[in-house]
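Whatever order the structure lists ligands and atoms in, that order sets their numbers, starting from 1. Computed from a prediction, not measured in an experiment: that's the story for all the values here.
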Amino acid sequence: MHTYKSLYLCSVAKYVCKFCIRLQSTARGPSAPLGARLLTNPEDIFQHNMWDHVQWTEEEKERAREKAEDNSSVHIPLAEQGKFDTEACGYWDRFYETHRNKFFKDRRWLFQEFPELLPLRLRSPLADVSQAGNSSSGRTSETCQDHSSDPPPQHRDADSPVCPTSVDAQAAHGEETLVTSFPGQHADFRILEVGCGVGNSVYPIVKSIKETGAFVYCCDFSPHAIQLVKEHPDYDQSVCHAFVHDLCEEGASFPVPLQSLDVVMAVFVLSSIHPARLQAVVNRLTTYLKPGGVFLFRDYGRYDLSQLRFKKGQCLADHFYTRGDGTCVYFFTRDEVRSLFTNAGLEELQNLEDRRLQVNRGKKVVMHRVWMQSKYQKTH
Ligand SMILES: C[S@@+](CC[C@H](N)C(=O)[O-])C[C@H]1O[C@@H](n2cnc3c(N)ncnc32)[C@H](O)[C@@H]1O
């Protein structure tokens, strides 16, 4: 009989464990983008690091549900929860102080999955979901290291970082109604990446949009992260503007006018924010999109390996946990993503659950990963 541990970190050194994974992705082939490497022959499992569109059996779904129920059966007492919200910026800032730019990988898959990041005239006609109703079928490689089991940052006692406040942000950027002159004001295509970290998406974008008339803005509430973005050799102020900004700070404005952005992108960011705050964040970001502009979203999905790995005592609210270093993570369902964006007045272009089987060929271990990938458009 298999334990939970064996279900999610199933060591299958000498044999393929049919109890743990259904080895046929789908006989019909992929019905969605996000890669097309299908595992049809169980014996091939260790031939690749990742298999796409893996369907879960009813038994697997039930075990995942039970595991999440178990690790969230004890919530951190409410009286102790406040710091994860009020000091979120500090936790992330210490994360970047410790890991600098060594933790996340460059998002090389960006333009395959999100062709909307390029002005329409530069896109391949086949690769545009907002025009064709579907997307490219490129592979999205490993998107985000799982840091749920990371040790806490070393410098817990270091001085608190200077986190942005609404006053700082407004003083720096001016009230949105007064934004008349701003970085990128002459661009004909504007992208904003929120929660950009150290720029793993920004640098690939900067390289691609040079001399296209496009401009990318990027923000994060961690001053250390933004400093690292600006120190990168590819940082180029003629196409990029990085700034410190807390998405949860309702009074803080952006250095661009309302309705001036073609794209807002959030990659593994909204999961860091308490679910009760999310709707206000998405509503506010939506006000900066032009009519026709698109919100691109990629993040953790419900019952991803990293959710099931949490131990009891790390849960703050349903499907919302804190890691050892104080940073937090939520695990989304498709319905929740749909509500979040449609409640903000956006129209759905894509809302996918990206289910993969990740294989550690060296250790002969297989893991179920679940990520969400969605695109929502402002139609008016
Ligand atoms: C998992 S990291 C992802 C970083 C980056 N998007 C990437 O894909 O590499 C989450 C990021 O969101 C940022 N973040 C979390 N909450 C935020 C908030 N309220 N305002 C701005 N940034 C925030 C963190 O500082 C961190 O850089």
Quiz item: Only one of Val202, Leu118, Asp262, Leu117 forms a side-chain contact (heavy atoms from CB on, under 4.5 Å) with Ile191, so which one is it?
Solution: Leu117
Please check if the distance between the ring centroids of [X] and [Y] is under 6.0 Å.
X	Y	value
Phe295	Tyr376	no
Phe297	Phe332	yes
His245	Phe254	yes
Phe215	His241	no

Give the numbers and elements of all ligand 1 atoms closer than 4.0 Å to a heavy atom of [X].
X	value
Gly197	27 (O)
Tyr96	2 (S), 4 (C), 25 (O), 26 (C), 27 (O)
Cys248	19 (N)
Glu193	6 (N)
His245	20 (N), 21 (C)
Phe268	1 (C), 2 (S), 3 (C), 10 (C)
Val267	3 (C), 5 (C), 6 (N), 8 (O)
Val269	6 (N), 12 (O)

Quiz item: Any side-chain heavy-atom pair from Ser272 and Tyr300 closer than 4.5 angstrom?
Solution: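 No, side chains not in contact.
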Would you say ligand 1 has an N or O under 3.5 Å from any N or O of [X]?
X	value
Gly195	yes
Asp220	yes
Ser201	no

Quiz item: Applying a 4.0 Å heavy-atom criterion (strictly less than), which segment of Phe221 is in contact with ligand 1: side chain, backbone, both, or neither?
Solution: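 Near ligand 1, Phe221 shows its backbone as well as its side chain.
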Quiz item: Under 4.0 Å from ligand 1, counting heavy atoms only, is it the side chain of Phe95, its backbone, both or neither?
Solution: neither
Exercise. Decide if atom NZ of Lys210 counts as having more than 12 heavy atoms of other residues, nucleotides or ligands within a radius under 6.0 Å.
Key: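 Correct, the count exceeds 12.
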Self-check item: Heavy atoms of other groups near Glu347 CD, more than 12 under 6.0 Å
Solution: no
Quiz item: Is ligand 1 less than 4.0 angstrom away from at least one heavy atom of Cys196?
Solution: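 In this structure, Cys196 qualifies as a contact of ligand 1 - some heavy atom is under 4.0 Å.
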Practice problem: Apply salt bridge (charged side-chain N to carboxylate O under 4.0 Å, His left out) to Arg94 and Asp325, showing your working. | Solution: CA-CA 9 Å; Arg94 280 189 283 278; Asp325 60 7; over 6 Å; no
